[in-house]
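What follows is one structure encoded as structure tokens, with my remarks underneath.
On a predicted model such as this, the values are computed, not experimentally measured, just so you know.
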Amino acid sequence: MFQQLTPIIKNLLIVNIVFFLGSQFVPIAYNYLPVFYPDSPYFKIWQIITHMFMHADLGHIFFNMFSLVIFGPMIEHVLGPKRFLNFYLISGIGAWLLQMGVQGVEIYNATGSFFPLHQSLDISTLNTSNPGLVQEVYTSRMLGASGAVYGVLLAFAYLFPNIPLQFLFIPVPVKAKYMI
């Protein structure tokens, strides 16, 4: 299985494992490397990239990396290494943008502004209809390669729609375009 791994897939596996192991030994990494809402005092610009390499637990990283190993090499062969890496990173950033869009709408509905902390320096002084929601959005973290990996899965379903996939829980082969 590891003989078919392409260069970018190997490097993504290594980086994700290093980040995961490092965060297990240095738990404060969970305060600086996952991404926060852009108006949050915890948000740092580098988090837009680093969140893709952080994972909550062993199951989280296992399933993301397993999916990447199974589906990624075929996509990397089609796109080439540079284009695959760009696609992977853009998929992860796109997932972040979608999540921030949803959270932005929640914040806007609660406060009347997408960036209320720019008008008020303290969350406790915000004029809001739902202070618990605002507090949750501003302190919750987004982490993991799931968005980037799902981009790879969508590319697989688009490029190879009729390849039959068989998973343990479904004993009948199903075409990729339906399974994904």
Side-chain angles (χ1 to χ4, degrees), residues 1-27 29-38 43-104 137 140-170 172-180:
M1 177 170 97
F2 292 105
Q3 295 160 337
Q4 70 180 1
L5 287 182
T6 53
I8 299 300
I9 300 297
K10 283 181 189 175
N11 288 323
L12 286 172
L13 283 172
I14 290 167
V15 170
N16 276 281
I17 290 167
V18 166
F19 266 70
F20 180 71
L21 292 175
S23 64
Q24 299 306 300
F25 292 111
V26 185
Y30 285 103
N31 293 335
Y32 296 102
L33 299 177
V35 69
F36 291 85
Y37 186 71
F43 175 78
K44 306 292 183 234
I45 193 71
W46 64 77
Q47 296 169 346
I48 295 170
I49 299 296
T50 59
H51 85 275
M52 289 183 256
F53 303 105
M54 297 293 293
H55 290 84
D57 55 40
L58 193 57
H60 187 204
I61 190 171
F62 173 78
F63 283 108
N64 276 330
M65 296 304 101
F66 179 74
S67 299
L68 186 62
V69 166
I70 297 300
F71 297 102
M74 289 181 74
I75 305 305
E76 187 175 337
H77 281 300
V78 171
L79 297 178
K82 286 183 181 180
R83 286 179 59 206
F84 176 77
L85 180 59
N86 287 336
F87 176 76
Y88 182 86
L89 293 173
I90 289 168
S91 294
I93 292 168
W96 169 73
L97 286 170
L98 285 171
Q99 178 66 25
M100 294 306 110
V102 169
Q103 288 183 329
V137 168
S140 65
R141 304 166 174 96
M142 178 179 164
L143 71 161
S146 301
V149 170
Y150 200 72
V152 172
L153 293 175
L154 288 174
F156 185 88
Y158 179 77
L159 294 170
F160 308 104
N162 294 319
I163 288 184
L165 301 175
Q166 187 167 348
F167 289 101
L168 296 173
F169 307 114
I170 303 172
V172 180
V174 178
K175 291 182 178 182
K177 62 186 173 187
Y178 301 124
M179 181 68 74
I180 293 174

Residue pair Tyr30, Leu143: steps toward the side-chain contact (heavy atoms from CB on, under 4.5 Å) verdict: CA-CA 9 Å; Tyr30 285 103; Leu143 71 161; 3.7 Å; yes
Can you confirm whether [X] sits close enough to [Y] that some side-chain heavy atom of one is under 4.5 Å from a side-chain heavy atom of the other?
X      : Y      : answer
Val78  : Arg83  : no
Ile93  : Ile49  : yes
Phe71  : Val149 : no
Leu68  : Leu12  : yes
His60  : Ser146 : yes
Trp46  : Leu33  : yes
Arg141 : Gln47  : no
Phe53  : Val18  : no

Can you tell me how far [atom2] of [Y] sits from [atom1] of [X], rounded to the nearest 0.5 angstrom?
X      : Y     : atom1 : atom2 : value
Ser23  : Asn31 : OG    : CG    : 11.5 Å
Leu85  : Leu79 : CG    : CG    : 11.0 Å
Glu76  : Tyr88 : CD    : OH    : 12.0 Å
His55  : Asn16 : NE2   : CG    : 5.0 Å
Ile14  : Met65 : CD1   : CE    : 12.0 Å
Met142 : Met54 : CE    : CE    : 13.5 Å

Which atoms form the tightest heavy-atom contact between [X] and [Y], and what is the distance?
X      : Y      : answer
Asn64  : Ala145 : ND2-N, 3.6 Å
Val174 : Met179 : CB-CE, 3.7 Å
Trp96  : Pro38  : CZ2-CG, 4.1 Å
Lys177 : Asn162 : NZ-OD1, 3.1 Å

Check the surroundings of atom [atom1] in [X]: do more than 12 heavy atoms from other residues, nucleotides or ligands lie under 6.0 Å from it?
X      : atom1 : result
Phe43  : CZ    : yes
Tyr150 : OH    : no
Phe63  : CZ    : no

So Phe84 and Val152, side-chain contact (heavy atoms from CB on, under 4.5 Å) or not? Walk me through it. CA-CA 9 Å; Phe84 176 77; Val152 172; 4.0 Å; yes
Parallel, tilted or perpendicular, as decided by the 30° and 60° cut-offs, for the rings of Phe160 and Phe156: tilted
Side-chain donor/acceptor of Gln4 to backbone N/O of Pro73, under 3.5 Å: no
Just by distance, do the side chain of Gln103 and the backbone of Tyr37 share a donor-acceptor pair under 3.5 Å?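 Absent.
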Check against side-chain contact (heavy atoms from CB on, under 4.5 Å), Met74 and Leu159: CA-CA 9 Å; Met74 289 181 74; Leu159 294 170; over 6 Å; no
